[in-house]
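Shown next, in structure tokens, is the structure this report addresses.
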Amino acid sequence: MSHAIKVATYNIRKAVGLDQRRDPARILSVLNEIDADIVTLQEVDRRFGARVSALPLAMLEAETPYVPVPLNFRPAAIGWHGNAILLRKGIEVRRAEPIDMPTLEPRGAVMAELSVNGHPLRVIGVHLDLSGLWRRKQIRALLAAIDANPLHMPTVMMGDFNQWSDSGALSELAFHHHRLVRTPKSFHTSRPVARLDRIIVSHDVKVSAADCHISPLSKQASDHLPLWADLRFG
């Protein structure tokens with residue numbers, strides 16, 4: 001029997017909103033509004049120094065139903081190169097690791113193999129380069145990381161791909177068993193003109209609905225709107 005879940009992805013810009021205030025509580029409120037089971041975040045850690053999380057772990061666990069997948073290699077971070085995966089409490093992590101990608105900028109990707117009520121699911125969170133040439137190399141690295149795993153499982157890739165069109169670097173998906181979920185433009189929050197944020201699924205994942213999450217809070221909390229999708233797999 002297949003299993004239904006809701007996933008979301010959100011570039012939180014280190015919790016700095018359009019009013020230029022850093023407000024982690026506002027981001028957590030947006031996450032609670034979305035009410036997804038699995039969330040990938042980008043720009044969740046500060047870039048310099050100790051890479052402190054913009055969402056304090058104690059606040060995250062006290063004010064939301066989420067726990068971060070253990071990817072943090074620094075004591076005060078919850079992600080890796082700003083990428084984090086949040087899970088609703090009760091979802092089991094079987095394996096988690098960063099994905100080694102060629103980079104020009106400090107970008108990255110993280111991967112977790114999960115058990116959702118006994119159903120296996122692979123989730124990859126990404127934040128890709130501004131350069132189209134490097135984005136293409138990075139997407140190839142993501143697909144190679146999937147292919148290198150001997151265990152096939154339904155897969156969801158989500159994040160800020162920094163890709164305006166469905167062609168270019170995203171055309172690499174034409175040679176693989178993954179497809180783009182049709183989602184609205186999510187950047188810039190004040191006037192969405194670009195589909196920088198994407199949700200990509202393997203062909204064995206069914207999508208019943210997908211959209212941006214628009215609310216008074218999400219229109220102020222970051223320069224990206226969050227995306228969500230209802231999925232069925234297994």
Side-chain angles (χ1 to χ4, degrees), residues 7-18 20-31 34 36 38-61 64 66-87 93 96-112 122-132 134-135 137-139 141-142 145 156-163 169 186-189 194-200 213 218 221-228:
V7 301
T9 185
Y10 195 12
N11 184 328
I12 67 169
R13 198 171 71 156
K14 304 174 183 65
V16 177
L18 299 192
Q20 303 307 313
R21 291 191 303 112
R22 191 183 308 279
D23 189 347
R26 179 166 54 186
I27 293 292
L28 297 181
S29 294
V30 173
L31 293 178
I34 300 169
I38 300 169
V39 183
T40 63
L41 298 177
Q42 302 84 51
E43 296 193 29
V44 72
D45 298 328
R46 313 272 185 98
R47 178 172 289 188
F48 302 107
R51 305 265 176 104
V52 174
S53 173
L55 302 179
L57 180 58
M59 181 183 292
L60 175 70
E61 294 185 340
T64 76
Y66 300 113
V67 293
V69 168
L71 294 160
N72 46 306
F73 297 99
R74 295 172 183 260
I78 65 168
W80 186 80
H81 276 302
N83 291 278
I85 303 175
L86 306 182
L87 306 177
V93 180
E97 61 186 15
I99 297 176
D100 186 29
M101 296 197 308
T103 60
L104 181 62
E105 304 172 272
R107 306 292 193 190
V110 291
M111 178 167 59
R122 179 184 293 114
V123 175
I124 298 174
V126 306
H127 191 184
L128 299 190
D129 205 285
L130 292 171
S131 159
W134 285 91
R135 282 198 304 275
K137 293 178 180 179
Q138 290 166 350
I139 290 177
L142 293 173
V156 184
M157 287 185 278
M158 303 185 287
D160 182 354
F161 282 74
N162 269 314
Q163 176 73 35
S186 56
F187 180 87
H188 186 279
T189 301
R195 291 186 178 90
L196 303 187
D197 305 288
R198 303 284 183 150
I199 299 175
I200 297 168
H213 175 75
S218 72
S222 172
D223 58 349
H224 289 245
L225 290 168
L227 295 181
W228 61 267

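Within the 4.5 Å cutoff, no side-chain heavy atoms of Gln138 are placed close to those of Leu142. A heavy-atom distance below 4.5 Å is found between the side chains of Glu61 and Leu57. Under the 4.5 Å side-chain criterion, counting only non-hydrogen atoms from C-beta, Arg198 is not in contact with Thr9. For the pair Val69 and Val110, the minimum side-chain heavy-atom distance is 4.5 Å or more. In this structure the side chain of Arg22 reaches within 4.5 angstrom of the side chain of Lys14, judged on heavy atoms. Here the side chains of Pro24 and Met59 are in contact, with some heavy-atom distance below 4.5 Å.
Screening Asp45, Leu41, Leu60 for a side chain to side chain contact (heavy atoms under 4.5 Å, CB included) involving Ser53 leaves a single residue, Asp45.
In this structure, NE2 in His213 is found 9.0 Å from CG in Leu31, a value given to the nearest 0.5 Å. Between the OG1 atom in Thr64 and the CD1 atom in Ile34 there is a gap of 11.5 Å [rounded to 0.5 Å].
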Q: Evaluate side-chain contact (heavy atoms from CB on, under 4.5 Å) for His81 paired with His127, printing each intermediate quantity in order.
A: CA-CA 9 Å; His81 276 302; His127 191 184; over 6 Å; no

Q: Apply side-chain contact (heavy atoms from CB on, under 4.5 Å) to the pair Asp160 and Phe187, showing each step before the final yes or no.
A: CA-CA 10 Å; Asp160 182 354; Phe187 180 87; over 6 Å; no

Q | Check against side-chain contact (heavy atoms from CB on, under 4.5 Å), Met158 and Leu227 | A | CA-CA 9 Å; Met158 303 185 287; Leu227 295 181; over 6 Å; no

Q.
What verdict does the side-chain contact (heavy atoms from CB on, under 4.5 Å) test give for Leu18 and His188, after you've listed the backbone C-alpha separation in whole Å, the side-chain angles of each residue and the deciding distance to 0.1 Å?
A. CA-CA 10 Å; Leu18 299 192; His188 186 279; 3.6 Å; yes

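The two atoms that bring Leu128 and Asn162 nearest to each other are O-ND2, 2.8 Å, heavy atoms only. Heavy-atom minimum distance, Lys137 versus Pro102: CB-CG, 3.8 Å.
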